[in-house]
Amino acid sequence: MRPGFLTAALLWAPVLVTAQTVDEVVARHITARGGMDAITAIQSLKITRTIATGIGSNVQVTVYKKRPNLFRAEQRLATPAAPLTARGVNADAAWDMAPGGKITLRPDAAAAEARDLDGDFDGLLINWKAKGHAVSFDGRESMPGGDALKLRVKTKGGVERIIYLDAATYLDRRHTGTLTLPSGRRDVVIDFSNWQDVNGVKFPFDINEDRKGGNAPEQSLVVYTEKIEANVAIDDALFATPKSGGEGD
């Protein structure tokens, strides 16, 4: 190869590396997760977690998910006789259960957000076109720990998220955006790590979440996942909107 041609090739190399399309990046992400066949083979999930809040007792959380978009999360403080709280998403509603069993239905905009985020089974990028989302690829960005690929997502319901995929592994490193909580609209930064195989699909077992804004002080949550069980039998009735007054139904 002539020296001049080699120099030209080297000059073009960074452009070729970064000139990826959304479809190419998402395809690499799906492969990194385990491949579409393995991903779609999982029909339900039961996730057991502990959340360290930094302000007292840890919170024990159990998450149930079932295709296509059923979701229920139950949590209670890790103290004797702590009351149960829960939230859920089904085809008809998104709801929250306060201690004592009082049920509050989320308004339409908040319910749409819950379906896009909590009710999403595989992750925002997987099958994003069929879900009605818009995704753009904003190139590479330097981050602690190495470069990341930056994708901007606007969900069908209007939620905006920036997703950073590790440039080497194509797995999620960070999500940023806003989140609607009882305390108001909050800015969130969510970091993912400790990816492990479950039924041939990679899941993050460690999640750090920082929240600020709204009518609440800044909050940092450290989420440790003890167990993820795939394809467990879960009755659809578990996801139904509970009646007020009881801890389960």
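Basis for what follows: all heavy atoms, side chains included, without hydrogens, waters or symmetry-related copies. Numbering of residues begins at 1 and proceeds along the displayed sequence.
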Worksheet item: With no hydrogens and no angle check, is any side-chain donor or acceptor of Asn231 less than 3.5 Å from a backbone partner on Gln43?
Response: yes
Discussion item. Looking at Glu113 and Thr180, would you say the former's side chain and the latter's main chain have a donor-acceptor pair under 3.5 Å?
Written reply: yes
Same cluster for [X] and [Y] if Ile/Leu/Val/Met/Phe/Trp/Tyr side chains link at under 4.5 Å?
| X | Y | result |
| --- | --- | --- |
| Val222 | Ile228 | no |
| Phe239 | Ile42 | no |
| Leu238 | Phe121 | no |
| Leu221 | Ile47 | yes |

Fill in: Where at least one partner belongs to residues 212-232, residue pairs that pass salt bridge (Lys or Arg N to Asp or Glu O under 4.0 Å), sequence neighbours excluded
none
Worksheet item: Which pairs with one or both residues in residues 82-91 pass salt bridge (Lys or Arg N to Asp or Glu O under 4.0 Å), sequence neighbours excluded?
Response: Arg87-Asp118
Looking only at heavy atoms, which two atoms of [X] and [Y] are closest? And how far apart?
| X | Y | value |
| --- | --- | --- |
| Met36 | Asn127 | CE-OD1, 4.1 Å |
| Leu70 | Ala91 | CD2-N, 4.4 Å |
| Leu84 | Glu74 | CD1-CB, 3.7 Å |
| Val89 | Trp95 | N-NE1, 4.2 Å |
| Asp116 | Gly158 | OD2-N, 4.2 Å |
| Leu105 | Ala93 | CD2-CB, 4.1 Å |

Residues in salt bridge (Lys or Arg N to Asp or Glu O under 4.0 Å) with [X], at least two apart?
| X | result |
| --- | --- |
| Arg28 | none |
| Arg173 | Asp166 |
| Asp92 | none |

Item to complete: For the pair Phe192 and Asp206, evaluate side chain to side chain contact (heavy atoms under 4.5 Å, CB included) and give the outcome as yes or no after the intermediate values.
Response: CA-CA 6 Å; Phe192 304 88; Asp206 293 343; over 6 Å; no
Discussion item. Is there a side-chain contact between Glu209 and Val188 in this structure, where contact means two heavy atoms from C-beta onward sitting under 4.5 Å apart?
Written reply: yes
Fill in: Within-4.5 Å side-chain heavy-atom neighbours: Leu125 and Leu165
yes
List the atom pairs, donor and acceptor, that lie under 3.5 Å between side-chain atoms in residues 141-150 and the rest of the protein, sequence neighbours left out.
none

Worksheet item: Would Gln60 and Thr50 count as having a side-chain donor-acceptor pair, cut-off 3.5 Å?
Response: yes
Discussion item. Under 6.0 Å from the ring centre and within 45 degrees of the ring axis: does the NZ or CZ of Arg140 meet both conditions for the six-membered ring of Tyr164?
Written reply: no
How far does [atom1] of [X] sit from [atom2] of [Y], to the nearest 0.5 angstrom?
| X | Y | atom1 | atom2 | answer |
| --- | --- | --- | --- | --- |
| Arg211 | Asp187 | CZ | CG | 12.0 Å |
| Thr176 | Arg161 | OG1 | CZ | 8.0 Å |
| Arg33 | Phe203 | CZ | CZ | 5.5 Å |
| Ile30 | Tyr170 | CD1 | OH | 13.0 Å |
| Asn90 | Arg72 | CG | CZ | 10.5 Å |
| Ile234 | Leu45 | CD1 | CG | 7.5 Å |

Practice prompt. Would you mind checking if Arg106 and Asp96 are paired as a salt bridge, meaning a charged N to carboxylate O distance below 4.0 Å?
Written response: yes
Practice prompt. Indicate yes or no: does Asp120 engage Lys131 in a salt bridge with an N to O separation below 4.0 Å.
Written response: yes
Worksheet item: Do Asp138 and Ile162 pass the side chain to side chain contact (heavy atoms under 4.5 Å, CB included) test, and can you show the C-alpha distance, the side-chain angles, and the key distance before you say yes or no?
Response: CA-CA 10 Å; Asp138 288 359; Ile162 295 177; over 6 Å; no
Worksheet entry | Pair Tyr64-Val232, side chain to side chain contact (heavy atoms under 4.5 Å, CB included): steps then yes or no | CA-CA 10 Å; Tyr64 302 90; Val232 295; 5.9 Å; no
Worksheet item: Which is it for Leu179 and Leu117 under the side chain to side chain contact (heavy atoms under 4.5 Å, CB included) test, yes or no, and what are the steps along the way?
Response: CA-CA 9 Å; Leu179 187 65; Leu117 300 179; 4.0 Å; yes
